[in-house]
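Scroll down for the structure; my scribbles are underneath it.
Note that the structure is a prediction, hence the values are computed from the model and not measured.
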There are 2 protein chains.
Amino acid sequence: MIAKLDGTKEFNRKLIFAQILNNVAVSRSDIVTNTGLSKAAVSSLVAEMLEQGLVQETGSQSTTIGRPRIMLELQTEARLALGAELTDHECRVILTDLRAAPLKEVTHPIKTTELTVEYLLDFLQACVTEILADVEQQKIIGMGLTIPAVVDPSTSTVLLSVLLPWRDVQLGEELERRFPFPVALFSRGNAATWGERWYGAGQDAYNLLYVRVGNGIVAGLVINGHPYLGQGFGAGELGHITVQPNGALCRCGNRGCLATVATTESLLIRVRRILREYPEDPLWQALNHHLESLTLDAVFQAARGGNVVVQQALDEIAAWLAIALASAVNLLNLDRIIVGGPMMIAGEALLEPLRTHLQQRALPTHLAHIDVVASALKENAPSIGAAGLILHEAMAPDPAALLSSTIRERIALFE
Amino acid sequence: MIAKLDGTKEFNRKLIFAQILNNVAVSRSDIVTNTGLSKAAVSSLVAEMLEQGLVQETGSQSTTIGRPRIMLELQTEARLALGAELTDHECRVILTDLRAAPLKEVTHPIKTTELTVEYLLDFLQACVTEILADVEQQKIIGMGLTIPAVVDPSTSTVLLSVLLPWRDVQLGEELERRFPFPVALFSRGNAATWGERWYGAGQDAYNLLYVRVGNGIVAGLVINGHPYLGQGFGAGELGHITVQPNGALCRCGNRGCLATVATTESLLIRVRRILREYPEDPLWQALNHHLESLTLDAVFQAARGGNVVVQQALDEIAAWLAIALASAVNLLNLDRIIVGGPMMIAGEALLEPLRTHLQQRALPTHLAHIDVVASALKENAPSIGAAGLILHEAMAPDPAALLSSTIRERIALFE
DNA sequence: CCATTTTGTTCACGATAAAAACAAAATGGG
DNA sequence: CCCATTTTGTTTTTATCGTGAACAAAATGG
């Protein structure tokens, strides 16, 4: 049984709604010219949206001769969405409007030795209750939940996780039991990618890679404008690309993975090594000459001050990152790379050498299309992306169709 | 002006046709259960197809109680397609039926020093005239033309080529002038990829990479079941992935590209080097002790005989290939890699060590999904793929939508 | 004040797909 | 041998929906 294409009505509805969503104010006749639909169709569908309170008429605007156009504006808070990020040490929930703009945020640290499903979901539920204290609950169209794991969003199954001791856990029913609205599960890296794609540094990009460089290196992909997950939902393992055929042994069993040479851990090691050659470097004083007490915070602070030792270490990191990223660029002919994660506290001190090394490693024809930029949403990327995906599935004419049809039906904005 | 989604009628027509296309024989009621459409819709749309001669009723089949089902079969030769491969030394044109099965083939070597657009298209036109000698021309729905170049199929523009001295050449009007049917232009690598995807070794794969290893190394990608071209139509440059950070200088300006260590050229060099250590190897006799007279043919023949020197060289090649392919696997979580090109004359002697080295280089979770197989269409892959894309755009419910709307309208099979 | 222009609504029509009724073609039990 | 039963396929009826045309509304400006 093949899924039927959206009937034209539903599709036209989303087409019209997208016009109102993506512009500050449009008139019915603007929509007619932008979409190619008939005046009759636009008129009747807009009438429905007005009735549902999704859209508002806001005064008229007479520019030239003729009847002035009635401007339509999105009722941005007619419906709300939740985005949650649950990790081994923190629970963050944000409430957003229809444009994924954050309205409210609740963040609590988690301190526990037993990271059971039960415990973490209890914790999440408490955070959600807190954030929804004075919110009309029927306005919530759904929640996107992200965890640091490989996840199958179509079945809400946790396949594998490094940080959480969860494996092959079906969360669908459990989430349905705990929350009165539909909840979809995404991997943190993917959600962050989509957050940047729709609401951050990737809004006008079509084939992008978002890479998070921290203690591990994970990437997320958008291909042809749509989230890409890969056959086993594990796409984006940039950290285990081989950059040094005979390099150090990695946890994964391979030698010379990017993750062995370009993590924050590796940055510390590099700074310590180079520091030994620069006995008069100002960092020594901050350390009281104890190399082992060097922290990431201190390194990044020194980077902001233009410290040459740190800059050299960052340049080494960038050189390795460039090899892996150039592989992605050459293979996929991307148009944007967004860099985020703890390493990006270094900012341009990392990006600039990264761009330089990419110049050498990637093909000139491919470099012409690509921008290398910093994450715009920072630590909110996963939760905004998760909320955004719920919104996108509900409202966009071309949703990613990642969720099960049950959830997609329940978050449908119209009808 | 946003393009409207296919109206439901057109889509249902393709849905039904796909059932008849992809099965040997189906009845109307099979189609009803497979597609979920109503009996009325299937009945009337099938009637149209019978009238157009696309489909045939072939006897009835009574399995159990009840009225026997009338079987429907595709009239495979109701319409025909052409696929052409034009290179600097050869022109190959094949005529196929609706299932892309080759009916006829014309191949002619090209010997010229001036590879002008004019000359090559004249040559192509002559080949096409030859193959269409006794074919009803109104049966031809279109031709897919492939050339070894980076191409924008939506505008039939040659962006860049290594083998042909063509750059930023708009072929659209020229092709329209020369041929009475629509002609679409594709890059050879991409066409070959889609040929394997739809009719070769990738039929049940959804995220695949086809790599051609010869004197250069180029790959093509299928992502989420659809051809993927990249932002500047240049996706698949596997040959310039860095596999050795401080390796030899490559033509592209980078150091340690895969193309510096894993081409057929490199294979010859490796065999010669290793041979020096094996003075009693049988290859020496064939060479009359002249290392420089060693040819690829001799190497591959020795490989078939299980020659250890050649096997060792192939193992080295496979080790380097594995590094680049593992990058693709880790990044994209592919489910199939298809290997073709001159190097694949070695067959399993190359594939087996390749699989072994991939085991070490790629993540175990990702390896679980992947098959590494040999090209099935061999040297026909580009032309069958090109013809197939024309067929696909004309008949498939989910076409890749790579062509301009003008061409897509002209190759429409129905109406 | 009214022709003109542009915006938005209403109405009649046509396309089309689903449901229901109907027809056809077999089986098999009495 | 006939007729109920079953499954397949066709025709008729009905409902939905989008378009185009006619119409209404609301401005400008001579």
Does [X] have a side-chain nitrogen or oxygen under 4.0 Å from the phosphate oxygens OP1 or OP2 of [N]?
X       : N      : result
A:Thr8  : D:dC17 : no
B:Asn12 : C:dT16 : no
B:Arg28 : D:dT10 : yes

Identify, between A:Pro68 and B:Pro68, the residue whose nearest nucleotide on DNA chain C lies closer to the 5' end.
A:Pro68
When you match A:Ile65 and A:Ser29 each to their closest nucleotide on DNA chain C, which lands nearer the 5' end?
A:Ile65
Criterion salt bridge (charged side-chain N to carboxylate O under 4.0 Å, His left out) on A:Arg336 and A:Asp204, from CA distance to verdict
CA-CA 9 Å; A:Arg336 187 150 317 166; A:Asp204 45 350; 2.9 Å; yes
For the side chain of [X], counting heavy atoms from C-beta on, which of [options] is nearest?
X       : options               : result
A:Lys39 : C:dG8, D:dT5, D:dG18  : C:dG8
A:Arg67 : D:dT7, D:dT28, C:dG8  : C:dG8
B:Ser27 : D:dG9, C:dA26, C:dT9  : D:dG9
A:Ile70 : C:dG8, C:dA17, D:dT28 : C:dG8

Calculate the interatomic distance between [X] atom [atom1] and [N] atom [atom2]; express it in whole Å.
X        : N      : atom1 : atom2 : answer
B:Phe414 : C:dT16 : CZ    : P     : 15 Å
A:Ile16  : D:dG18 : CD1   : C1'   : 11 Å
B:Phe11  : C:dA17 : CZ    : C1'   : 15 Å
B:Arg69  : D:dT10 : CZ    : C1'   : 17 Å
B:Leu37  : C:dT16 : CG    : P     : 14 Å
A:Met71  : D:dA26 : CE    : P     : 18 Å
A:Lys9   : C:dT16 : NZ    : C1'   : 16 Å
B:Leu45  : D:dG9  : CG    : P     : 15 Å

Could you check whether any side-chain heavy atom of [X] comes within less than 4.5 Å of a side-chain heavy atom of [Y], counting everything from C-beta outward?
X        : Y        : answer
A:Ile31  : A:Leu37  : no
A:Glu176 : A:Val183 : no
B:Lys14  : B:Leu21  : no
B:Ile411 : B:Pro182 : yes

Given that both pair distances must be under 3.5 Å and the pair must be Watson-Crick or G-U, what runs of three or more consecutive pairs involve DNA chain D?
C:1-30 with D:1-30
Does the plane of the ring in B:Phe414 sit parallel, tilted or perpendicular to the ring in B:Phe17? Use 30° and 60° as the thresholds.
perpendicular
Look at all strands and tell whether A:Ala41 reaches a base, only sugar-phosphate, or nothing, counting heavy atoms closer than 4.0 Å.
base
Option among A:Ile223, A:Leu221, A:Val222 that satisfies the side-chain contact (heavy atoms from CB on, under 4.5 Å) test with A:Asn207
A:Ile223
For B:Glu57 and for A:Ala40, find the nucleotide of DNA chain D with the closest heavy atom, then tell me which residue's nucleotide is more 5'.
B:Glu57
Do B:Ser27 and B:Asp30 get their side chains close enough for a donor-acceptor pair, meaning under 3.5 Å?
yes
